[in-house]
Amino acid sequence: MTVTESPSGSLWSTENRATTVGMLLLITIAAFEHLGVSTAMPRMLAELDGGHLYAWPFTSFLAASVVATVLSGRVCDRVGPGPVLMVGPTVFLAGLIVAGTADDMVGLLVGRVLQGLGLGTEVAAIYVLVALVYAEKYRPAAFGMLAAAWVIPSIVGPTAAGIATERVGWRWVFLGLAPLAVLGVILLVPALRALPKPTRPATPGRRGLPLAAVAAAVGITAVTWAAQHPSFGTLWLGLGGLAVLIPALRTLLPAGTLTARAGLPRTVLARGMLAGAFFGVEAFLPLTLTAVHGYSPAMAGLPLTLGALGWSGASHWQGRRPDIARATLIRWGFAILAVGLASTSFIAPAWGPSWLASVLWVVTGAGVGMAFPAISVLALEQTSERERGFTSSALQVADMVFSAVCVGFGGVLLVSLATAAAPTAAVIPLNLVMAGVAALGFVLYSRGGNGRWAVSRDGGAESRSTLVER
């Protein structure tokens, strides 16, 4: 989408204040919902007689998010983020109401699908909105702010959801957020109406995106299910999911992403590697603390809360340092992540210092928090205006797919080398392999070719040439 004006103003300038608050509110609501559902899930499944379907409320949400993210990016490139940001939160709101009033598992799953569709739609559009509304020098702070929106939900979300579940019922984990979702949409309306109009028709969209999105959703569902139900039987299901995923990713991600081609493809790959390595280890950290060191569930979740604080703090810090090259921040983030993940292996044995988990996860979270917003900024700089939606969706898809694959890999190790009651033999190699993934990311971003790109048209195809490293 080509626009007639350049964005201007800071995050909290008069013309942008309502937009900033609206985006912040929508992300905060999504974070509360994500963290709260995990806390309330055992109670809601017990009441709905759905214990045998424990994984499906999560899996259905993730699969729907992938499809919505891809389609949202495509629509944003054609008509802009305005209509998308009106529809996405509305669908998410409908999902909250449907899930909060569900009388059986079918209703709950329908609500979770609607929530996934709504959240996937709005997140991709918010990335595009950042590029349209804020001047370039304020974008690092904008993405840092979006990461910081997870701070309060990470601290109080699980506890608040637990209290709500005990005192007034699990339904209010969904219904209590509905008024805030409405307010977020209202705050964004003025900014969406003021968005500049396209000056020319959008170029033809990439072929096969809807079909590839559905294929990716099927593949992620298979991989996620295999990870959550580790056995030799589901191992084949996971491998089949990968076989469907890989061709779909060739359509959903920039060409050359899976081979680390310099420029935008390598930046999108970095997002996936960063998310996969971090969440691949985090998924098994509470298990290590409870099964090996005897922690209670509440205490085992404490390092994750501290990691979220480290993530948010580093995101805020990078937003205040626009003088540092984004590629440099990505390298630092990968280096910190690699060291942190490798060091987590010392916690896995029974003789290991369990208290070290909290320290390491603060540091590890800070490494990811430093690199994540930098990747978003750099990706937008490497993208033409008419493909910002595609790039935004590609970042989200890489995030979800690599996370699912790495968690699935952990599940395979758990069933092959250890058990949930004694996971040490699986956790140590998992931590070391994920540290290797982070180290590989550092190596890739220590090479040249990750700078800002000029975009031109040549015979109907894009050509990009490196200008400067930011």
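This chain uses plain numbering: 1 for the first residue, then up along the sequence. Worth knowing before you read on, the calculation uses all heavy atoms, side chains too, and leaves out hydrogens, waters and symmetry mates.
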**Asked** Please walk me through it: do Phe390 and Thr383 pass side chain to side chain contact (heavy atoms under 4.5 Å, CB included)?
**Response** CA-CA 9 Å; Phe390 172 78; Thr383 304; over 6 Å; no

**Request:** I would like to know whether Leu269 and Phe402 meet side chain to side chain contact (heavy atoms under 4.5 Å, CB included); could you show each step before the answer?
**Result:** CA-CA 9 Å; Leu269 177 63; Phe402 277 74; 3.7 Å; yes

**Request:** With side chain to side chain contact (heavy atoms under 4.5 Å, CB included) as the test, would you mind laying out the steps for Phe174 and Ile97 before giving the verdict?
**Result:** CA-CA 7 Å; Phe174 299 111; Ile97 295 173; over 6 Å; no

**Message:** Working note: Met23 + Leu26, criterion side chain to side chain contact (heavy atoms under 4.5 Å, CB included); need CA distance, chi angles, decisive distance, verdict.
**Reply:** CA-CA 5 Å; Met23 290 193 301; Leu26 289 179; 5.9 Å; no

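Here Met273 contributes atom CE and Ile330 contributes atom CD1; the two are 12.0 Å apart, rounded to the nearest 0.5 Å. From Leu395, atom CG reaches atom CG of Leu253 across 9.0 Å, with rounding to the nearest 0.5 Å. Taken to the nearest 0.5 Å, the SG atom of Cys406 stands 13.0 Å off from the CD atom of Glu282. The distance from the CG atom of Leu245 to the CG atom of Leu249 is 5.5 Å, given to the nearest 0.5 Å. Residue Thr90 holds its OG1 atom at 10.0 Å from CG of Leu85, rounded to the nearest 0.5 Å. Annotation: the span from Phe284 atom CZ to Thr344 atom OG1 amounts to 14.0 Å, rounded to 0.5 Å.
Using modelled atom types, one side-chain atom of Thr259 and one backbone atom of Gly256 make a donor-acceptor pair closer than 3.5 Å. Counting only distance, with no hydrogens or angles, the side chain of Ser315 and the backbone of Gly369 share a donor-acceptor pair below 3.5 Å. Of the possible donor and acceptor atoms, none in the side chain of Thr267 sits under 3.5 Å from a partner among the backbone N and O of Ile375.
Residue Trp317 qualifies as enclosed at atom CH2: its count of foreign heavy atoms under 6.0 Å is above 12. Environment of CZ in Arg250: sparse, with no more than 12 heavy atoms of neighbouring residues, nucleotides or ligands closer than 6.0 Å.
When all heavy atoms of Gln115 and Ala99 are compared, the closest pair comes out as NE2-CB, 3.4 Å. The two residues Leu274 and Leu337 have their closest heavy-atom pair at CD1-CD2, 3.8 Å. The shortest heavy-atom contact between Ser60 and Leu109 is OG-CD2, 4.0 Å. Closest of all the heavy-atom pairs between Val368 and Pro373 is O-CD, 4.4 Å. Looking at every heavy atom in both residues, Gln318 comes nearest to Met370 through CG-O, 4.0 Å. In terms of heavy atoms, Trp361 sits closest to Leu285 at CD2-CD2, 3.9 Å.
Looking at heavy atoms from C-beta onward, Leu306 lies in side-chain contact with Leu309 at the 4.5 angstrom threshold. For the pair Phe92/Thr121, no side-chain contact is recorded, criterion being any heavy-atom separation below 4.5 Å from C-beta on.
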What pairs of donor and acceptor atoms, side-chain ones from residues 210-220 against any protein atom, are under 3.5 angstrom apart with sequence neighbours left out?
none

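If you run side chain to side chain contact (heavy atoms under 4.5 Å, CB included) between Val281 and each of Val427, Val433, Leu360, Leu341, only Leu341 comes through.
For residues 390-401, the salt bridge (Lys or Arg N to Asp or Glu O under 4.0 Å) pairs, not counting sequence neighbours, are Arg271-Asp399.
The aromatic rings of Phe278 and Trp311 sit perpendicular to each other, their planes meeting at more than 60°, with 30° as the lower class boundary.
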